[in-house]
Amino acid sequence: MTARIAWQKSSFSGGTPNNDCVELGASPTAVHLRESDAPGTVITPHPTALRALIRGVQAGEFDRI
């Protein structure tokens, strides 16, 4: 049996249907990511890669000019 994943969208994404965002979900063995406008595509990054992504986001490495 596959564990059901409870997906969480960032509170910064807004509440309207056109505010797509990256969603996070946890299973008993991993953390998963998906884009809210493509919920069928799920990635399960290695914890080290996920940590690097989160640190990069926090540091503004992906901010648009």
Side-chain angles (χ1 to χ4, degrees):
M1 185 167 129
T2 304
R4 176 168 235 135
I5 298 173
W7 293 99
Q8 294 184 310
K9 186 186 285 193
S10 169
S11 60
F12 289 102
S13 67
T16 63
N18 293 332
N19 289 334
D20 297 324
C21 187
V22 172
E23 298 176 325
L24 229 62
S27 68
T29 58
V31 175
H32 311 280
L33 300 169
R34 72 179 184 182
E35 180 68 31
S36 60
D37 66 344
T41 302
V42 177
I43 62 169
T44 306
H46 187 275
T48 303
L50 181 58
R51 186 172 23 257
L53 173 65
I54 291 170
R55 287 183 178 158
V57 169
Q58 290 173 331
E61 293 178 15
F62 309 106
D63 292 351
R64 292 183 180 190
I65 296 176

Sorted by chain and number, sequence neighbours left out, side chain to side chain donor-acceptor pair (under 3.5 Å) with Thr48 holds for His46
Identify all side-chain donor-acceptor contacts of residues 50-58 below 3.5 Å with residues at least two apart in sequence or on another chain.
none

Residues pairing under salt bridge (charged side-chain N to carboxylate O under 4.0 Å, His left out) where one sits in residues 25-35, two or more places apart or in two chains, turn out to be Glu23-Arg34
For Val31 and Thr44 the tightest heavy-atom approach is O-CG2, 3.7 Å
Looking only at heavy atoms, the pair that brings Pro45 and Leu33 closest together is CG-CD1, 4.0 Å
